[in-house]
Amino acid sequence: MVTKDLPVKKTKKGSPLLDYVMRLLPFFWLLLFFLVPFIIVYKISLSTIALSIPPYEPMLSLKEGIEGVKTFWDGLSWDNYIFLTEDPLYLSAYLSSLKIAFFSTVIALFVAYPIAYGMARSPREWQPTLLMLVILPFWTSFLIRVYAWIGILKSDGVLNQLLLWLGVIDSPLTILNTNTAVYIGIVYSYLPFMILPLYASLEKLDGSLLEAAEDLGCPPWKVFWRVTLPLSMPGVIAGCFLVFIPAVGEFVIPDILGGSETLMIGKTLWVEFFSNRDWPLASAVAVILLLILVIPITLFQRHQAKQEGHD
Amino acid sequence: MAKKPIGPVRRAFAPWDDPAQPAFIEFRNVTKRFGDFVAVDDLSLTIYEREFHALLGGSGCGKTTLMRMLAGFENPTSGQIFLEGQDLAGIPPYRRPVNMMFQSYALFPHMSVEKNIAFGLLQDKMPKADVDKRVKEMLQLVKLEPFAKRKPHQLSGGQKQRVALARSLAKRPKVLLLDEPLGALDKKLREETQLELMTLQEDLRMTFLIVTHDQEEAMTMADRISVMDHGRILQNDTPATIYEMPNSRFVAEFIGDINILEGQISKKEGDQIQLFSSVLGDHLDIVQSIDVNVGDKAALAIRPEKMRISFDKPEGPGINAIPGEVWDIAYMGDVSIYHIKIAEAVTVRSIVANTTRLVERPITWDDKIWLSWNRDAGVILTR
Ligand SMILES: Nc1ncnc2c1ncn2[C@@H]1O[C@H](COP(=O)(O)OP(=O)(O)OP(=O)(O)O)[C@@H](O)[C@H]1O
Ligand SMILES: [Mg+2]
């Protein structure tokens, strides 16, 4: 670039200070609501379980001066992380969570895409209503909606009675307290998070692009593959992240709808935290979970940004 | 007005004069309504094979709608459209041998320039090597070779327009619909592209239907022009006929500059007609074979370049001469436009070639002069 060597002129309008503050604001919030809690959790994960309140030690006491910091530092250890690798329960819980989250995301994508597509293609004046209907479930408690699924899925529940009545099945299906029920619960709960970004990207798709593709000899199904789908990719990616990330750490749904076979890291974490009162181990589980999610996502976004740059 | 360079030498091409010539594209009593609004109104139009046909008309008169019906994106509310004798009703856009260049370009934002151009070719399962060759040709044609790998959002408006043009041309369709294909280009590039389009159309024997707001462009490129207003075609003729013999005030005023003198037919003997103008208080002679009756309200329309000005009253048979006063002169370089006041609140324009330099101009402001024209220079308009 030739312009690189030119002196940079400040031609910004408005107060530069305000501008600066506005730009720092998101970092400030991130710091306050993400980094500080994370550091606390990270610290707890390095502590040891203790019969006290809070139930771990060491505690940093500044009263004892530099000596206190030193004892505190010596009290921290990686033991909890080492323990996580030793007990296969944790590894299988992580893997099982990832698996359940992955398939739930795929199912949610396939369910949500036609819905979002239909919404985006419906008459303009209907769209706000349809959007409203998608958001409507949020008006009742998430917990209650998950409980309601027990009524639907249990062996003498609504679903089984309907299927029996229709003659599709002879004896009730066992759905409740299986992984199937967990999939149903997760897909149901997170569907709006998939639909909304998909709708947003499909809605702004220029109709003349579809016409142009057809004009150039593309039958409609091919237009979908070559134009609609690629252009809705940002929505697909956003939707998948929005479903996958919370689904990995999901605790309520496997707890309520899942059975003994259901192994999810969120549930494991809950057990460690509340049943075993092992805060340090629970914290270590949480930190690893965070890394599992953050590292691949960061790499993915790097890759995306690089691709943008290449084109 | 500066005259354009004349395009490649053309064969005598006038299939519309030959009754045996089959129609290539035919709109038969086509009407298109959007709700209550009539966008195309009982329109009939025949276009012949290898014709370069231009649609001219004000904004919103239905040009794009007409094209969209031919491309298959809108169905006529009533009427039929034929291509090579086949009724197009029910044939989806992707099976019509028609390609359209969209007014909004409609470039695929996720594909590079070359992928955009190759898009249609790949649908035809054209071999890869041929596709590459064709894409290269098209890039050359629209002078965008250095931009082949760019995405549409990295292009200027004019560059996008050229990509859209290249993409629609790439498949060499039987019929190419161009909706304002050159509007965003600068004058020089536009004139070059016009010439290349004409050559290409000639070489590839395609039929072009083009929408343009630039009447000079229509005049230079088209074999015939249809002037549209409110969903109807007012006149469909060769550029020369449209210019010299407009059939209505709208057409006369839409294409080029024209003087219109209102009056009443006062005499008619065969093609010898007299029009009485009350503002001038004079009878004007016209030679034209036209179906009018004495007493009809009518107007005489004369192009400014057909009006002469002189100090002495020109005499002779077949010349109309009226006195006037030079009101204003607009110097345009190659010509000057004289605004001549011929009556209270009535001025007409006369175009005079600047054969001498400005300082030596003999006729100037406020001069009393005579304005004259031949009897066969103007046309009578009754609509
Ligand atoms: N889908 C539609 N629904 C309602 N009205 C429409 C629709 N498409 C076009 N129209 C109307 O039909 C008329 C003709 O539109 P069209 O696009 O054919 O005009 P045009 O001649 O191409 O104008 P321009 O030169 O501005 O491009 C306009 O008044 C427009 O508002
Ligand atoms: Mg238009």
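A note on names: the letters A, B, ... follow the listed sequences, proteins ahead of strands, and every chain is numbered from 1. Just so you know, these numbers come straight off a predicted model, no measurement behind them.
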Steps toward ring pair (Phe, Tyr, Trp, His ring centres under 6.0 Å) verdict (A:Phe193, A:Phe244): CA-CA 10 Å; A:Phe193 296 105; A:Phe244 182 79; over 10 Å; no
Which atoms of [X] are under 4.5 Å from chain A, going by heavy atoms: the side chain, the backbone, both sets, or neither?
X: B:Phe108; result: both
X: B:Ser112; result: neither
X: B:Met101; result: neither
X: B:Leu107; result: backbone
X: B:Arg167; result: both

Salt-bridge present (B:Asp132, B:Lys136; N to O < 4.0 Å):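 No salt bridge links B:Asp132 with B:Lys136.
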B:Arg33 with B:Glu74: basic N within carboxylate O range, under 4.0 Å: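 Salt bridge: no.
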Within 45° cone and under 6.0 Å: B:Lys115 NZ/CZ vs B:Phe119 ring: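 The answer is no; the distance or angle limit is not met.
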Face-on cation placement of B:Arg162 at B:Phe147 ring, 6.0 Å and 45° thresholds: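 Verdict for B:Phe147: no cation-pi partner in B:Arg162.
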Top contributor to chain B interface from A:Val227, A:Val223, A:Leu210, A:Asp206 [non-hydrogen pairs under 4.5 Å]: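 Looking at each option in turn, the highest pair count goes to A:Val227.
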Option in B:Arg68, B:Arg95, B:Met111 with maximal non-hydrogen atom pairs under 4.5 Å from chain A: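 The candidate making the most pairs under 4.5 Å is B:Arg68.
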Worked check of side chain to side chain contact (heavy atoms under 4.5 Å, CB included) between B:Met228 and B:Leu43: CA-CA 10 Å; B:Met228 288 184 69; B:Leu43 178 146; 3.9 Å; yes
